[in-house]
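Heads up, the thing below is written out as structure tokens.
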Amino acid sequence: MIDKYNPVDVESKWQKRWEESGLYRVDNNASAPKWYALTMFPYTSGDLHIGHWYAMAPSDVYARFKRMQGYNVLHPIGFDAFGLPAENAAIKRGIHPKDWTLSNIENMRRQLKSLGAVYDWDREVITCLPEYYKWTQWFFLKMWQAGLAYRAKAPVNWCPNCHAVLANEQVVNGECWRCETPVIRRDLEQWFFRITKYADELMRHDGLDWPERIKIMQANWVGRSEGTEISFALEHADMEEKEIRIFTTRPDTIFGVTFMVLAPEHPLVQKLTTSEHKAEVEAYIDKARHCSEIERLSTERKKDGVFTGSYAINQLNNEKVPIWIADYVLLSYGTGAVMAVPAHDERDFAFAKKYQLPVKVVVAPPQWDGNVPDEAYTEPGLMVNSGQFDGTESTSAKTAISEYIEQQGWGKRVVSYKLRDWLVSRQRYWGAPIPAVYCDKCGIVPVPEKDLPVLLPDDAEFKPTGESPLKSNPGFVDTTCPCCNGPAKRETDTMDTFMCSSWYFMRYTSPHFTQGAFDTEQVKKWMPTDIYTGGAEHAVMHLFYSRFFVKALRDMGLVSFNEPFKRLFNQGTVTHEHQKMSKSKGNVVNPDKYVSELGADTVRAYLMFIGPWEQGGDWDDSGIYGLSRWLGRIWNLALDDYEEKNCETTDVANLKNLLRLMHQTIRRATEDMERLRFNTMISALMEFSNYLGKIHDAGSVQRADYNKAVCTLLRLLAPTAPHFAEEVWSRLGYSYSIHNQRWPEWDPALAQDDEIPLVVQVNGKVRDKLMVPSSVTETEAKNLALGSPKVQIFTDGKKLVQAIYVPRKLVSLVVE
RNA sequence: GCCGAAGUGGCGGAAUAGGCAGACGCGACAGUCUCAAAAACUGUUGGGGGGUGACCCUCAUGUCGGUUCGACCCCGACCUUCGGCACCA
């Protein structure tokens, strides 16, 4: 009798052996074709939870599969280590963000090693170390040189009590999470990257194997719309500004404008507000400052606004219309001002109803009776009340009116985007310092490349308010100007952590390179990544910033490809008790206890088995023992003595059946691997191992054939359960290591079924299933179907109207 | 609210291009082993109805409607749940 499978001993033994033998070290110069399988690196939150494993285990399986197919696979790991949670820990618990982060990394590294992945730890990348962020800073300088970085005012969440900028997650119901003071929006001068320059290119995903839904989300994120920028004359004689510019996608409705709406933050609001409306306008602006953008844009929410007291002139018909402000208009989109056409826009209509503003129809709805309808009519139609454009189609009037406006010099056709430039400044400590210096004489000066990195000082004092400690650190702030050597001050803002994660995948190709951010030769060899897997929560932002980075670098001549990630795959989220796992909810599932009880291989297999990878699911460990039992059964059928019984007389048929199932299993497993459908891949292996179990008990094929089948099963299982497969492999006397073996290939002839089930339907209902030779022809199939007694019960005495044949699947008979 | 997904037995899920609904696993029930239990193994297992039986009929893929010889799959409307919404990462 063989000993029982003991995962804990087996796993630690092989992890040690793999490390000692350097089995997973990636050689840049190996002759095999390269395959870059990238997984999103984890944030250094402390413990890996089961959700991390859900991201890491299947992607490791896929990398191992590619490895067995003969590729030189790069499947690296690292840590996204800058960010807000480290700072929060510092404020709350008095731990320095650096210590917190590095000790978390140590723990996470231990957990990741227990996973048994093919990571080459020599290539680990950690974004908060100076050797890494030096180059993040260098990229900032490159963006600046390329004209892609600029400074502008942008609103931040501001707690007036703490005197600190708050992240969105630190604002709870409009209040500061620490002191519950209502949060306001305040403008600060900040750094931006001109991502909008690449808007059109970022909308396209030419040649990319990405999920359709992600492409759509990204295209919607760019939100390209073609429209017209039109100026409305201002009545104010004593004002410098003589016009308001608005953006509209409906220039055809311009004769229907009955009022104007500006965003409360619009720079002209102060000047346009007359003294009798001042108090009301101020109060409204103050209220708007307390609202989030999501609230403001909600179409469900009651639209409100206030009148400024001023008027604008619609230059097409010289009508005088009142100027209002309302928070449903955002300063960040278009020009921050809209012309309101209540008759043909739902929001404007609701607003006009509320404040009894006039509604003027300029595009006639079908069978229009000349009255104002009960709701906005937003479809095309015939133009009315529109001067010389009356009687034309509104769709053509769109162009005609735009051209007319351009001729008159009142505006121009423009393309507008919802996409906004990337705000990279953060008023925080735990990030890469922005390499800029402020000099009274020379202005804003970039830190020279030779002076990088601008080191983040360790001696930071964390005030309970959350204010950035860099501001009050004279040793950091006070410096000399790189131009004039005079006294100067450093930029105290740090960079958005999305900066760090926008290029880490290139650093992996040459992580110890000191002459630059990456070795161009290695990037050329490995990039773009063949596959990128990670959480769907990154569908837009992280992926968008990374794509922008690569395109900007391409235009600087630093890389020679257009897109970083050829294939993208987003795995789903693992929830627990149907909620997102988080420490604050206390529902975090730690994989360690399952690993120490059942082994990493069982946890890996179970995570892959619970459902399609892209769907995620709720964590429930009740099924995990099934996977543990399955490995135990394979252990027995592989290592228990095999005894042939009577197979001399029956082995031809038995062997044929075994080989058929084996080759079908190889085919299913290979195809499922490529599709990243690990749940059905494991099902296929289970069906095969169940069958092998029966053969083992019956002894119904010859020993050598049985052993070959077991050998195939082990290789198919090796990516999923790497330690287990290695152990059984070695016990069977095969040479080290199973992970250097080739992935099995299937023979289509052997996988072919001799007979297939043919379904027969009568009037859409299944009435019989016939086993027919797989070579069956259409005529044969139809005759067999009509000849079936079960079918004849339903066809006798009736007229055959139609007989549909689906090759090798079914015959559908229609009778009446 | 806007953008993007998902909804199938008691549970996780399968059905690759519109063609056998429920593969595989869990759980449950019954059995083997045992003094007993656990573990392991074997068998049964969507609902309803019929047949001594091999089996047969019928209903069923969130809800309501549509297209089709045929719909989990396509179309329309709705309900519920989840991801993102630019300073969580």
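Each chain gets a letter, A, B and so on, in the order the sequences are listed, and its residues count up from 1. Keep in mind that what you see is a predicted model, and the values were worked out from it rather than measured.
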Can you find a side-chain donor-acceptor pair between Asp753(A) and Gln664(A) that sits under 3.5 Å? yes
So what does Arg426(A) touch, heavy atoms closer than 4.0 Å: a base, only the sugar-phosphate, or nothing? base
Tell which nucleotide pairs with A60(B), taking only Watson-Crick or G-U wobble pairs whose two distances are both under 3.5 angstrom. none
Looking only at atom types and distance, does a side-chain atom of Gln170(A) sit under 3.5 Å from a main-chain N or O of Ala167(A), one as donor and one as acceptor? yes
Give a yes/no answer on whether the side chain of Lys765(A) brings an N or O atom under 4.0 Å of OP1 or OP2 in C59(B). yes
Scan Arg767(A) against the nucleic acid and name what it touches under 4.0 Å (heavy atoms): base, sugar-phosphate only, or nothing. sugar-phosphate
Scan Val540(A) against the nucleic acid and name what it touches under 4.0 Å (heavy atoms): base, sugar-phosphate only, or nothing. nothing
Pick the closest RNA chain B nucleotide for Lys580(A) and for Val156(A) by heavy atoms, then say which residue is nearer the 5' end. Lys580(A)
How would you label the contact of Glu537(A) with the nucleic acid (heavy atoms, under 4.0 Å): base, sugar-phosphate, or nothing? base
Under 4.0 Å between any heavy atoms, over every strand shown, what does Phe544(A) touch: base, sugar-phosphate, or nothing? Just pick one. nothing
Kindly indicate whether the side chain of Gln761(A) and the base of G19(B) share any N or O donor-acceptor pair separated by less than 3.5 Å? yes
Euclidean distance, atom CD of residue Glu687(A) to atom C1' of A15(B) [Å, nearest integer]: 12 Å
Any N/O pairs under 3.5 Å between the protein and nucleotides 26-29 of chain B? List them or say none.
unit_1, atom_1, unit_2, atom_2, d
C26(B), OP1, Arg629(A), NE, 3.3
C26(B), OP1, Arg629(A), NH2, 2.8
C26(B), O2', Ser622(A), O, 3.2
G27(B), OP2, Arg629(A), NH2, 3.2

Which part of the nucleic acid, if any, lies within contact of Pro612(A), taking any heavy atom under 4.0 Å across all strands shown: a base, the sugar-phosphate backbone alone, or nothing? sugar-phosphate
Determine the contact category for Trp630(A): base if any of its heavy atoms lies under 4.0 Å from a base atom, sugar-phosphate if only primed atoms, P, OP1 or OP2 are that close, otherwise nothing. nothing
Base, sugar-phosphate, or nothing: which does Glu671(A) touch, judged by heavy atoms less than 4.0 Å apart? base
Asn168(A) has its side chain closest, among A89(B), G4(B), C88(B), to C88(B)
Rounding to an integer number of Å, can you tell me how far Phe678(A) CZ sits from U16(B) P? 19 Å
For Thr795(A) versus Leu813(A), what's the shortest heavy-atom pair and its separation? CG2-CD1, 4.4 Å
What nucleic acid atoms does Gln571(A) come within less than 4.0 Å of, heavy atoms only: base, sugar-phosphate, or nothing? nothing
Criterion ring pair (Phe, Tyr, Trp, His ring centres under 6.0 Å) against Phe193(A), the qualifying member of Tyr150(A), Tyr198(A), Phe140(A): Phe140(A)
How would you label the glycosidic angle of G9(B): syn (within 90° of 0) or anti? syn
Counting the atoms with a prime plus P, OP1 and OP2 as sugar-phosphate, which does Ile216(A) contact under 4.0 Å by heavy atoms, base, sugar-phosphate, or nothing? sugar-phosphate
Could you tell me how far apart Tyr545(A) (OH) and C85(B) (C1') are, to the nearest whole angstrom? 11 Å
Tell me: CZ of Arg667(A) to C1' of U16(B), nearest whole Å? 11 Å
From the set U16(B), C20(B), G13(B), return the single nucleotide nearest to any side-chain atom of Gln615(A). G13(B)
Is Glu265(A) salt-bridged to Arg289(A), going by a charged N under 4.0 Å from an acidic O? no
Whether Asn679(A) contacts G25(B) is assessed here as follows: a side-chain N or O lying under 4.0 Å from the phosphate OP1 or OP2. Is that the case? no
Below 4.0 Å: OP1/OP2 of A14(B) and any side-chain N or O of Arg677(A): yes
So Lys418(A), base contact, sugar-phosphate only, or nothing? Heavy-atom distance under 4.0 Å. base
What is the nucleic acid contact for Leu84(A), judged by heavy atoms within less than 4.0 Å: base, sugar-phosphate only, or nothing? sugar-phosphate
What is the distance from CE of Met771(A) to P of C20(B), rounded to the nearest Å? 15 Å
Exactly one of Trp422(A), Tyr545(A), Trp191(A) should register a side-chain hydrogen bond (donor to acceptor under 3.5 Å, both in side chains) with Asp496(A). Which one does? Trp422(A)
Lys769(A) near the nucleic acid: base, sugar-phosphate alone, or nothing, with a heavy-atom cut-off under 4.0 Å? base
Cationic N near anionic O, under 4.0 Å, Asp672(A) to Arg677(A): no
What's the gap between C73(B) and A15(B) when it is taken at their P atoms, as a whole Å value? 15 Å
Does the side chain of Thr39(A) pick up a donor-acceptor pair with the side chain of Thr533(A) at under 3.5 Å? yes
Which part of the nucleic acid does Asn690(A) contact within heavy-atom distance under 4.0 Å: base, sugar-phosphate only, or nothing? sugar-phosphate
Check this for me, if you would: do Asp768(A) and Lys790(A) make a salt bridge, where the nitrogen-to-carboxylate-oxygen distance has to be below 4.0 angstrom? yes
How far does the C1' atom of G43(B) sit from the matching atom of G48(B), given to the nearest Å? 24 Å
Both distances under 3.5 Å, Watson-Crick or G-U wobble: report the partner of C11(B), or none. G25(B)
Any salt bridge linking Lys92(A) with Glu87(A)? Criterion: basic side-chain nitrogen under 4.0 Å from a carboxylate oxygen. no
Which value, in whole Å, describes the distance between the P atoms of nucleotides C64(B) and A60(B)? 10 Å
When both distances are under 3.5 Å in a Watson-Crick or G-U wobble arrangement, the nucleotide paired with U52(B) is none
